[in-house]
Structures are given as structure tokens and as C-alpha cells.
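One structure is given below, represented as C-alpha cells, and several questions about it will come after.
Just so you know, these numbers come straight off a predicted model, no measurement behind them. The chains referred to below are lettered A, B, ... by the order of the sequence lines, with proteins before strands, and numbering in each begins at 1.
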2 protein chains.
Amino acid sequence: MAQMRRPTMTDVAREVGVTAKTVSRVLNDDGPVAIETRERVMEAVRKLGYQPNLMARNMRVGARDAAIGLVIPEMGNPFFGMVAGGIESVVRARGLTLIVGSSSETADLEQSLIATFLARRVSALMVVPSATSDHRHLRTERVAGLPIVFLDRPAVGLTADCVVSANREGARAGVAHLIAHGHRRIGFIGDLPATLYTRRERFQGYRDALDHAGLPFDRALVETGHDQEAAQAAALRLLSLPVPPTALFAGNNLASMGAVLALSRSGRKDVALVGFDDLPLAECLDPPLTVVAQDPVGMGVAAAELMLSRLDGDKSKARRALVPTRLLIRGSGEVPASR
Amino acid sequence: MAQMRRPTMTDVAREVGVTAKTVSRVLNDDGPVAIETRERVMEAVRKLGYQPNLMARNMRVGARDAAIGLVIPEMGNPFFGMVAGGIESVVRARGLTLIVGSSSETADLEQSLIATFLARRVSALMVVPSATSDHRHLRTERVAGLPIVFLDRPAVGLTADCVVSANREGARAGVAHLIAHGHRRIGFIGDLPATLYTRRERFQGYRDALDHAGLPFDRALVETGHDQEAAQAAALRLLSLPVPPTALFAGNNLASMGAVLALSRSGRKDVALVGFDDLPLAECLDPPLTVVAQDPVGMGVAAAELMLSRLDGDKSKARRALVPTRLLIRGSGEVPASR
DNA sequence: TTGTAAGCGTTATCAC
DNA sequence: GTGATAACGCTTACAA
């Protein structure tokens with residue numbers, strides 16, 4: 001069966017015996033239409049299975065597409081999924097459609113995704129930058145007035161709105177919690193390259209807490225693990241130091257999982273652990289995992305609202321919004337310092 | 001600052017002193033262009049920050065948008081995120097862009113999302129149906145030749161391609177595993193309304209395993225929990241039956257988490273548990289959780305490949321593809337039946 | 001209440 | 001090699 005040509009507004013008009021403009025009037029509730037004509041048009045629309053062509057409409061109207069382009073590093077990561085969910089709930093209420101694409105955490109894909117969004121004339125752009133990207137190329141769009149909001153990590157080489165977790169404050173609170181339970185040697189397991197924004201901020205929070213308590217900083221207590229396995233190895237290395245830490249602070253969810261695995265496999269229940277970012281089964285662990293929880297949905301909502309205010313003409317200068325974190329006390333962070 | 005008009009192809013042409021068609025030729029590598037003209041055009045493109053307008057292009061070419069529309073019930077659920085990731089890796093290799101929207105598990109939103117995708121003239125539609133939806137309205141599109149693939153759950157009221165987990169076989173294997181460890185009374189904790197496809201299939205698998213082993217079916221052993229909390233309560237009800245089960249089978253990830261919580265909070269290490277669908281920290285639990293793992297990425301890949309073959313003209317009749325599951329033995333499923 | 005003409009930003013066709 | 005013209009499906013402005 002040949003791919004049938006899709007019916008156009010003109011087809012509908014011909015079917016009814018009117019002109020395209022009349023059909024347009026009916027469909028957009030624009031101008032006056034005889035009630036009988038209206039009904040015959042609607043009938044023909046149903047009969048032919050007519051679907052208006054949004055591309056043609058947008059082009060004529062000169063409006064941007066009623067869509068918001070969102071770039072996230074990874075679809076499978078629930079953190080970004082929840083961010084997207086938060087955004088969607090807000091934009092949907094305004095009749096906007098969220099279009100999501102994933103960059104696989106590479107700068108090239110991020111840029112080409114952004115390009116296809118721009119080519120589709122989305123009404124706004126929301127970007128969770130990948131680790132190595134640069135956003136100078138968006139300067140033209142910014143001055144042209146396109147709302148652009150960055151999430152989770154700020155833009156690089158571009159002054160623009162952004163919404164991020166209170167990484168530094170959150171990490172500080174988590175580490176201070178450990179210190180309050182008597183720990184003086186606390187290992188830090190970071191995730192991505194030390195150059196990454198979130199890594200840097202959380203590490204600063206760690207330093208802040210130590211400084212505030214007057215504890216010395218020991219370089220040997222800082223390790224890196226890019227994925228769950230690497231984080232597990234990192235935790236084990238820390239625990240086998242000559243003078244090992246009595247507590248661990250994990251810099252993100254993967255690092256937490258690695259640390260949990262390391263502790264559980266080596267049967268160490270005497271080591272305290274606080275993780276940055278919550279995990280689904282955290283309360284089912286033994287001991288239940290104490291975390292500095294982020295608020296991905298709240299981040300999405302905040303970013304979307306900022307974006308909408310820009311769309312509504314707010315021309316004030318670029319803002320950086322902080323989404324607060326919450327310390328969830330469950331057990332693992334309250335293990336006292338062993339002697 | 002006034003919202004500048006975005007430069008068009010004609011603007012670029014004027015800048016160079018040629019006609020729009022020539023610019024078009026350069027940008028699409030179409031027809032012959034003097035090498036020097038080409039360079040001057042590229043220069044002007046950079047200078048003006050020209051971005052081609054995909055809407056106008058698609059309209060003229062009469063082609064569909066090089067985008068694939070995907071509807072999922074929920075962005076924050078990692079299962080669907082990974083499905084989307086699988087799809088994207090496949091379609092990206094073909095130069096197609098994946099557009100994702102979420103229906104919040106409601107039929108209305110699902111339908112309106114599909115409508116906006118159709119209005120944007122996507123090249124294909126991929127849908128994870130929400131619990132109550134009906135797809136008769138897509139019949140016109142189907143006969144018009146638009147590729148439509150359903151994932152995780154089949155279409156309702158429409159014959160169409162679909163890719164689903166081997167739910168029945170997987171559940172059968174999981175329950176058989178419990179039976180092999182001596183269990184004769186096995187509780188079933190289902191998730192969503194019993195009418196839902198996945199719930200029905202997995203329940204059938206449970207029945208199959210019992211039948212195959214010659215074990216009686218006891219209605220009292222079947223419970224329902226729509227979310228983690230409800231599932232936890234369901235598990236507790238099962239365990240306090242006059243003749244309680246010695247093992248539990250959880251019908252999805254939320255049900256598993258509820259069951260894990262119930263067992264861990266009541267300190268019951270004598271009850272075996274197998275869950276359908278894997279969980280991130282499953283191996284960190286005590287005991288580590290044995291699951292019937294699905295393959296969400298594989299499901300996305302399979303569905304995307306099926307979709308592409310349709311796009312390439314495969315007109316054969318609608319197929320239903322099964323994505324195999326895998327029993328991951330970790331501990332909780334091997335707890336022997338306590339007499 | 002309805003129709004006509006023009007144009008949105010592209011590309012196909014055919015001429016130069 | 002390059003340009004002029006028309007057309008894609010729709011809406012705006014104006015006329016009937």
C-alpha cells in the first residue's frame with residue numbers, strides 16, 4: 001500500500017466546498033463562521049483524519065515552536081529523569097511540550113543536539129552540560145533573546161541563568177555531621193575528574209567542614225572513583241591506609257554505592273558513611289544509608305520557572321539559583337568513631 | 001534590547017551577493033558551486049550566526065521531520081529512562097533525533113502528546129502505553145504507513161508492532177527457582193491493577209510454575225501493592241497469614257522494594273524473596289536480592305530496530321517481539337524453605 | 001459570513 | 001555555476 005499523502009487544510013476545504021481560510025477559522029476559533037459550516041468542517045476533519053501541520057503554522061506565524069529543548073547527559077540516570085519530570089510538569093501547564101535528548105556526556109553530541117533544537121526553533125533551551133563542554137557558541141542566541149537555562153552545572157564561557165544544588169553547603173553539612181559523631185579522619189571519595197563543577201564544589205564543602213572544626217586536611221584521604229567499581233576500590237584503598245579513616249564521605253551516588261559495597265563485602269560495620277545524593281534502597285541497607293539528599297524534581301521546577309519568566313520578558317541579569325539539600329539521617333552516618 | 005530577527009538564508013545570500021538557492025546548494029552539498037563562492041557563503045554563515053530553519057525545510061521537502069516521538073509514562077523511572085537510552089543509541093546512528101514526552105501514566109496526556117508529535121510530523125511513533133489507554137485513534141496513521149511501535153505493553157484496540165519483556169517466562173523461571181529451593185507456599189505481590197498487561201502476564205508465569213510443579217494455587221497468597229508502602233503492607237499481610245508463605249515473589253521493582261523493607265524491618269531472614277526487575281543496590285542488600293532482570297536497554301534497541309525496518313519499507317504484518325529476562329542469583333532467592 | 005492575495009523560509013525545476 | 005520562479009501548508013490583511 002502506497003504511503004498516502006496526508007490530507008491538508010485545502011483537502012478538508014475542498015471536501016466541504018469552502019476555502020482553506022474558512023477551515024482555518026474553524027480550527028482556530030478565529031473570526032465568525034456559520035454554525036452549519038463549522039459542523040460540516042469538523043465532520044470532514046474527522047472523515048479525512050486531518051491533523052494540522054504545526055510546522056507550517058509556526059512558520060507562517062513566525063512564532064517559535066511551542067517546545068522546550070532539554071539536553072541531559074544520560075537518559076538512564078534517574079537523577080536526570082527526575083529533573084526532566086520536574087521541568088515537564090511546569091511547562092506542560094503552559095501548553096509547552098518538552099523535548100529531551102541525551103548527550104551521552106560528550107561535548108560533541110551536546111552541541112549537535114543543541115543545533116537540532118535551534119533548527120527546530122524551540123522556544124527555550126535547557127541544558128545539563130556534559131563534563132567537557134563549552135558554551136561560547138550560544139552567545140548569539142543569548143543576545144537574540146532566546147531563554148537558556150543551565151541545570152546541575154553552570155555554563156562554561158557564557159554568562160547565563162543556572163540552577164544548581166547547594167553542593168558546597170550540602171557537603172559541608174554531611175561532613176560536619178560525621179565530625180559531630182566524633183570522627184577526625186574522614187575519607188573523601190570523589191566521582192568525576194576533579195575539574196568537574198560538582199566535584200569541586202562538594203570537595204570544597206568537605207574542606208570547609210574540616211576547617212570549621214579545626215581538623216587538618218590530609219591529602220591521602222582523598223580518592224577518586226569514576227564508577228561503582230572504581231569507587232569500591234577507592235574505598236578499600238582508604239581503609240587500608242596506615243592510619244585509616246573512621247568515616248567516609250561519598251561524593252555522588254555511584255561513589256556511595258561503591259562505598260556501600262566495599263564496607264558490606266569487607267564486613268566493616270565500624271566505619272561511618274555519608275553519601276551525597278539519595279539512593280532508592282538506601283533505607284533497606286544495613287545500616288541504612290545516611291545521605292545528603294538532592295532535590296532533582298525541585299531543581300527541574302525551579303529551572304523551568306526561571307525559564308518561563310524569561311519567556312515572559314524578564315530581562316534582568318543572569319541568575320544562579322541554589323536548590324537546597326537535605327541531610328537524611330538513617331544510620332550509617334551515626335556510627336561513632338571507633339576509639 | 002529588541003529581539004533581533006534571526007537571519008534567514010536570504011540574508012546570507014544578500015551578504016555574499018548571491019541568491020538563496022546558491023546558499024542552499026552550499027549548505028546541502030547539492031549541485032555544483034564554485035569553490036570560492038562556497039567559501040564566501042560559509043564565511044557569511046559564520047558571521048551572521050545563521051541557523052537553517054528545519055521547519056521550513058521539512059515543509060518544502062514534504063518529508064517528515066527527522067525526529068522520532070517517544071511517549072513514556074514517567075520520566076523519573078529509570079526503567080523507562082534506560083528504554084529511551086536504548087532507542088536513542090539506535091536512532092542517533094541514523095541521524096534521527098529522539099523526542100521524549102511523558103504521559104504521567106494517564107490516557108489523556110498520552111493522547112495529547114501523540115497528537116503534538118503527529119502535528120510535528122515525526123517520522124515514527126514509539127509508545128509505552130499508560131495503564132488505561134486505547135489506541136483505536138491511531139488506526140488512520142497506521143494505514144497511512146506511519147511506523148508505530150509499542151513498548152513494554154501492547155497496544156489496545158489496534159494491531160501494531162510491539163516489543164515486550166518475556167514476562168510470563170521470566171516470572172515462571174523466578175518462581176520455579178523458589179520451588180527448586182523447597183518452597184511450596186509462595187506469596188505473589190503484584191503491582192498495578194490486575195487488568196494491566198504486565199501484571200497479568202507475570203501472574204500467569206507464577207501460576208505456570210505452580211502448575212508445573214504440581215503445587216496447589218492458593219488465592220490467599222496473592223496480594224497487591226501499588227507503591228512501595230502498599231507493597232510493604234502487602235508483604236506483612238502475607239507473612240501474618242495463619243499458614244504463611246515461606247517465600248515471596250514480587251511482581252515489579254516497587255513491589256520488590258516494599259518486600260525488602262518488610263523483611264528487613266521485621267528481621268525475617270528465613271523468608272526467600274525473588275523480585276521481577278533488577279534494582280541498583282540489589283547486591284548490597286542483606287541478603288543480596290535475587291531477581292528476574294529485565295533488559296530495558298535491549299528492549300529499546302529491539303523496538304528501535306523494528307521501527308527502522310518499517311521506515312525502510314518493511315510492510316510485513318505486525319510483530320510481537322519478546323525480550324528475554326535473566327535470573328540473577330544473589331542470595332535472597334536461595335534461602336531454603338524453613339520447614 | 002466568506003474569499004483572495006500574499007508571504008513565512010526553504011528547495012525543485014528549469015533556464016541562462 | 002548560478003539565478004528566477006513556483007511551491008510546500010498555513011495564516012494575516014483586506015476585500016467582497
| Would R92(A) and T97(A) count as having a side-chain donor-acceptor pair, cut-off 3.5 Å? |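 Judged by distance alone, the side chains do not pair up.
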
| task | Would you kindly give the CG-to-P distance between D65(B) and dT10(C), to the nearest whole Å? | result |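 In whole Å, dT10(C) P lies 15 Å from D65(B) CG.
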
| dC8(D) C1' sits how many Å from N58(B) CG, rounded? |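 Whole-Å distance recorded here is 11 Å.
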
| message | Under a 4.0 Å threshold between the charged nitrogen and the carboxylate oxygen, would D11(B) count as salt-bridged to K47(B)? | response |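 Looking at D11(B) together with K47(B), the answer is no, because their closest N to O distance does not fall below 4.0 Å.
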
| query | Are D312(B) and R94(B) within salt-bridge range, i.e. N to O under 4.0 Å? | reply |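 Here D312(B) pairs with R94(B) in a salt bridge, since their nearest N and O are under 4.0 Å apart.
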
| query | Looking at R38(B) and D29(B), does any basic side-chain N land under 4.0 Å from a carboxylate oxygen? | reply |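 A salt bridge links R38(B) with D29(B).
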
| said: Using modelled atom types and a 3.5 Å cut-off, is there a donor and acceptor pairing between side-chain atoms of R40(A) and backbone atoms of V16(A)? | reply: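 Checking the backbone N and O of V16(A) against the side chain of R40(A), a donor-acceptor pair under 3.5 Å is found.
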
| query | For atom CG of D108(B), is the number of surrounding heavy atoms from other residues, nucleotides or ligands below 6.0 Å larger than 12? | reply |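 No - once you tally the heavy atoms of other residues, nucleotides and ligands closer than 6.0 Å, there are 12 at most.
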
| Got a donor-acceptor contact below 3.5 angstrom from the S103(A) side chain to the E105(A) backbone? |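 Side chain of S103(A) to backbone of E105(A), a donor-acceptor pair under 3.5 Å: yes, one is there.
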
Identify each atom pair where a protein N or O and an N or O of nucleotides 9-13 of chain D are less than 3.5 Å apart, giving names and distance.
| from | atom 1 | to | atom 2 | distance (Å) |
| --- | --- | --- | --- | --- |
| dC10(D) | OP1 | Y50(A) | OH | 2.4 |
| dC10(D) | OP1 | N53(A) | N | 3.3 |
| dC10(D) | OP2 | M9(A) | N | 2.4 |
| dT11(D) | OP1 | N28(A) | ND2 | 3.1 |
| dT11(D) | OP1 | R57(A) | NE | 3.1 |
| dT11(D) | OP2 | S24(A) | OG | 2.8 |
| dT11(D) | O2 | R60(A) | NH1 | 2.7 |

| Using the C1' atoms of five pairs at each end, what's the angle between the two axes of the helix from dT1(C)-dA16(D) to dC16(C)-dG1(D), to 10 degrees? |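 Helix axis angle between the two ends: 40°.
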
| Interatomic distance, R64(B) CZ vs dT10(C) P [rounded to whole Å] |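 Atom CZ in R64(B) sits about 21 Å away from atom P in dT10(C).
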
| query | Judged by modelled atom types alone, do Q111(A) and H135(A) share a side-chain donor-acceptor pair under 3.5 Å? | reply |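 Their side chains do not contain a donor-acceptor pair, so the 3.5 Å distance test is not met.
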
| message | Looking at E141(B) and R6(A), is there a salt bridge between them, counting it only when a charged N and a carboxylate O are closer than 4.0 Å? | response |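 Yes, R6(A) and E141(B) are salt-bridged.
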
| Between S102(A) and E74(A), a side-chain donor and acceptor under 3.5 Å |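 Looking only at side-chain atoms, E74(A) and S102(A) do not form any donor-acceptor pair under 3.5 Å.
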
| field | 5′-ward residue of the pair G17(B)/G62(B) relative to DNA chain D | value |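 Closest to the 5' end, via its nearest nucleotide, is G17(B).
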
| task | Please work out which residues in residues 35-48 of chain A have a non-hydrogen atom less than 4.0 Å from an atom of DNA chain C and list them by number. | result |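 When residues 35-48 of chain A is checked for heavy atoms under 4.0 Å from DNA chain C, the hits, listed by number, are T37(A).
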
| request: Let me know which of R319(B), K317(B), R310(B) forms a side-chain hydrogen bond (donor to acceptor under 3.5 Å, both in side chains) with D161(B). | output: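 For D161(B), the side-chain hydrogen bond (donor to acceptor under 3.5 Å, both in side chains) check succeeds only for R310(B).
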
| request: Please determine if a side-chain N or O atom of T22(A) lies less than 4.0 Å away from the OP1 or OP2 oxygen of dG3(C). | output: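 Checking T22(A) against dG3(C): at least one side-chain N or O falls below 4.0 Å of OP1 or OP2.
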
